[in-house]
Amino acid sequence: MTEIENHDPFAVFRREAERALSAALVEVGVDDTEIVLEKPPKGMGDLGFPCFPLAKILKMTPNKIAEDIASKITPNGTIDGVEAKGGYVNFHVRFDMLAKATISTALAARERFGSGPSKGVKVLLEHTSVNPTGPMHIGRARNPIIGDTLARIMRLAGYDVLTEFYVNDVGRQVATMTWGVKNLTIGDAPNGGKGDHRFVPYYREAHKKCEEDPKVLEEVNALLYKLEHGDPESVELNRKTSETVLEGMMESLRRINIRIDGFTWESRFVENGSVDKVISKLRQSEYCHESDGAQHLELESFGITGRDTKWVFTRSDGTSLYTTRDLAYHLDKFSRSDVAINVLGEDQKLGMQQLAAALNIIGSDRRPEIVFYAFVSLPEGRMSTRKGTVVTLDDLMDEAVDMAYEEVRKRRSDLPEERMREIARTVGLGALRYNIARIQAEKQIVFKWEEALNFEGSSAPFLQYAHARACSILKKADSKPGPASADACARKLVNHHERELLKLVAAFPMVIGECAETRRPHALAAFTQDLAAQFNQFYRYVPVLKAEGDVIEARLALVEAARWTLRNALDCLGIDAPEEM
RNA sequence: GGGCGCGUGGCCUAGCUGGAUAUGGCACUUGCCUCCUAAGCAAGCGGUCAAGGGUUCGAAUCCCUUCGCGCCCGCCA
């Protein structure tokens, strides 16, 4: 067995179908068609080959072609049957072989089930990277959830993934906050002493003073200048305030199972001279222009349109701008990775287009891959700090856990208090992550409490419940299933519910691969929902512990395989899989 | 004014490299706990896939136009 087969039981069947098809296609007189296999609607087989594109070439009806092809394929290996239907050639998998391969790999691989072979590709995945000036709100929370989920999926799929947070410690916002911390005296901040909440009043007040008092603005500008020119005292103070806020934000993220591997401080690129290098390269380009001492690139010929096609990269005082430093950062990321992925809000689209043009101009052939997401708004509209309409991630998490606790108490008051709290945390925070992860990134989300805290239907608790039920069966079983049960599965799993469940388990590695390749984590949420639903049907209609003879062994093995699949899928989604709830 | 994205039953959503009866959930109606956890299962209700045109044997999917929503077009980050 090859590495791929070892991890993806369905792939063997797919390859055999492709091989059989290409042989049959040559026989009917087609030899250079790309073979695409689809998933037929249920009940029509396991893989389908559409013959419609061939109709023109062969001057026959798709139906006739499908029949011709089907008649030329003799089922063998993992192919159990081939039939022509509605212009498709449908392949049925040989269930016993699929079952054997699936169960033996799943129960041997366990927490690695679903993994693809190591790709030897270094991925640097930058996500979150918000300004360290205050607590994260739910609009921003979409970024770490998408980023972390994608990172987990890609790791399982076989990539070497490093996640990174780019800390903006030289910008105006942070400088304003630092000025406030240094010069203002303000009473206790809300939310105790948590780092990301602590300096918010200072930032607000300093910001207000900047707008009212030109002298304050001047001081902030002076601080900004000092920061950019590496004044040790200013840099130190700035770093300390940023770190404090950052630590608070990370504390919040850890609650939803998000840990970031590395932090890169923006000031580094100013200090190590790489920004200057970028600037001098840009200045040499034919696209560079100057006005009032500030320099910009004219990017119209790069397809950038709008009111202004200028891209300014130095201020008139010679200091760099965020985007200039971002350019240096990207060169740095490219030097450390094979693939650089950014998770960014859709407001960054133009900026990234400009960045790509600038990379072109300075002669880099690398580009970041970008996953853009639309913002989360409230039913009343956009979240606004000024109007006080923001919902912070901390508030949402607290509320989710509280709501979950009420539900746990309703259902499981038999459990000790501590255990109920633990389940509430798992369920509440899981529900929150799932609710954001399940939606495709480009789609706007209108935040509604009742939806975010829904614990039924398409929600994390639904998935967790299926997992808990599987655990419950296994706990009560006399024997523990292992890879050796694969033979029993091949012989004894005969009914519809068992087979459909097994097929979903078998498809898991393929799904992980697809989600990783397309960089679309939400597709995993949909799959996991299907898997849990299928498990719940199985649970309802197929008794495991009351089965007889070696049927019990087969079913236990299937439950164990489904349990690992659920667990691993939930793990990719960053959701804890409780053993009871 | 220009660019990018989104628009799928009352609400949320999958499908979007064209293909077989458009996926699930919420809500609503109705059944199912002497049987491994009812955060579950089953049945029902509900769709001109924003509108119009085009390409095609075939369009939710591709192209054009229009409408609606979001985001952007700073010597901010």
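In the text below, chain A, chain B and the rest are named by the order of the sequence lines, each starting its count at 1.
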Among side-chain atoms of A:Asn238 and A:Thr178, is any donor-acceptor pair under 3.5 angstrom?
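The criterion, which ignores hydrogens and geometry beyond distance, is satisfied for A:Thr178 and A:Asn238.
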
Quick one: do the A:Ser320 and A:Glu228 side chains pair a donor with an acceptor below 3.5 Å?
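Checked: A:Ser320/A:Glu228 side chains pair up, N/O donor to acceptor below 3.5 Å.
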
Taking the minimum atom-to-atom distance to the side chain of [X], which one of [options] wins?
X	options	value
A:Arg438	B:rC73, B:rC12, B:rA39	B:rC12
A:Thr305	B:rC36, B:rA39, B:rG2	B:rG2
A:Gln440	B:rG15, B:rA39, B:rC75	B:rG15
A:Gln529	B:rG25, B:rG19, B:rG15	B:rG25
A:Glu346	B:rA39, B:rG70, B:rG24	B:rG70
A:Tyr539	B:rC11, B:rC41, B:rC36	B:rC36
A:Lys448	B:rG40, B:rC12, B:rA42	B:rC12
A:Glu407	B:rG25, B:rA20, B:rA39	B:rA39
A:Pro40	B:rC36, B:rA20, B:rC73	B:rA20
A:Pro461	B:rC73, B:rA39, B:rC41	B:rA39

Under 4.0 Å between any heavy atoms, over every strand shown, what does [X] touch: base, sugar-phosphate, or nothing? Just pick one.
X	result
A:Val174	nothing
A:Ser316	base
A:Arg382	sugar-phosphate
A:Ser377	nothing
A:Glu580	base
A:Pro50	nothing

Taking [atom1] from [X] and [atom2] from [N], how many angstroms apart are they, rounded to a whole number?
X	N	atom1	atom2	answer
A:Arg307	B:rC71	CZ	C1'	13 Å
A:Ile439	B:rG5	CD1	C1'	16 Å
A:Lys443	B:rC11	NZ	P	14 Å
A:Lys42	B:rA22	NZ	P	12 Å

With nearest nucleotide decided by heavy atoms, which residue, A:Ile473 or A:Glu456, maps closer to the 5′ end of RNA chain B?
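The 5'-side residue here is A:Ile473.
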
Go nucleotide by nucleotide along RNA chain B from the 5' end; which of A:Val544 and A:Thr314 gets its closest nucleotide reached first?
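So the residue in question is A:Val544.
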
Please step through side chain to side chain contact (heavy atoms under 4.5 Å, CB included) for the pair A:Trp265 and A:Arg239, ending with a clear verdict.
CA-CA 9 Å; A:Trp265 296 76; A:Arg239 175 67 81 106; 3.5 Å; yes

Could you tell me the Watson-Crick or G-U partner of [N], where both distances fall under 3.5 Å? Say none if there is no partner.
N	value
B:rG68	B:rC6
B:rG1	B:rC73
B:rC32	B:rG40
B:rU21	none
B:rA60	none

Is the glycosidic angle of B:rC33 within 90° of 0, making it syn, or outside that range, making it anti?
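This nucleotide is in syn.
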
Between the side-chain atoms of A:Asn90 and the base atoms of B:rA20, is any donor-acceptor pair under 3.5 Å?
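It does, because a donor-acceptor pair links the side chain of A:Asn90 to the base of B:rA20 below 3.5 Å.
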
Could one point to a donor on the side chain of A:Gln444 or the base of B:rG5 with an acceptor on the other under 3.5 Å away?
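A donor-acceptor contact between them is present.
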
Which class fits the ring pair A:Phe535 and A:Tyr539: parallel under 30°, tilted 30 to 60°, perpendicular over 60°?
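Geometry flag for A:Tyr539 against A:Phe535: tilted rings.
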
Could you tell me how far [M] sits from [N] if I compare only their [atom1] atoms? Round to whole Å.
N	M	atom1	result
B:rU55	B:rA59	P	12 Å
B:rC64	B:rC73	P	26 Å
B:rG18	B:rU61	P	12 Å

For A:Glu580, the option from A:Arg419, A:Arg411, A:Arg469 that meets salt bridge (charged side-chain N to carboxylate O under 4.0 Å, His left out)
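Running salt bridge (charged side-chain N to carboxylate O under 4.0 Å, His left out) over A:Arg419, A:Arg411, A:Arg469 with A:Glu580 returns exactly one hit, A:Arg419.
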
Ion pair present between A:Arg425 and A:Glu422, side-chain N to carboxylate O less than 4.0 angstrom?
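The answer is no: the pair does not qualify as a salt bridge.
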
Could you list the residues that satisfy salt bridge (charged side-chain N to carboxylate O under 4.0 Å, His left out) with A:Asp46, not counting sequence neighbours?
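Per chain and number, A:Asp46 pairs via salt bridge (charged side-chain N to carboxylate O under 4.0 Å, His left out) with A:Lys503.
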
Can the ring centroids of A:Phe302 and A:Tyr287 be said to lie less than 6.0 angstrom from one another?
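Yes, the ring centres sit under 6.0 Å apart.
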
Return the polar atom pairs (N/O with N/O) between nucleotides 56-67 of chain B and the protein under 3.5 Å, or none.
none

Intermediate values then yes/no, side chain to side chain donor-acceptor pair (under 3.5 Å), A:Ser267 and A:Asp169:
CA-CA 6 Å; A:Ser267 53; A:Asp169 60 335; 2.6 Å; yes

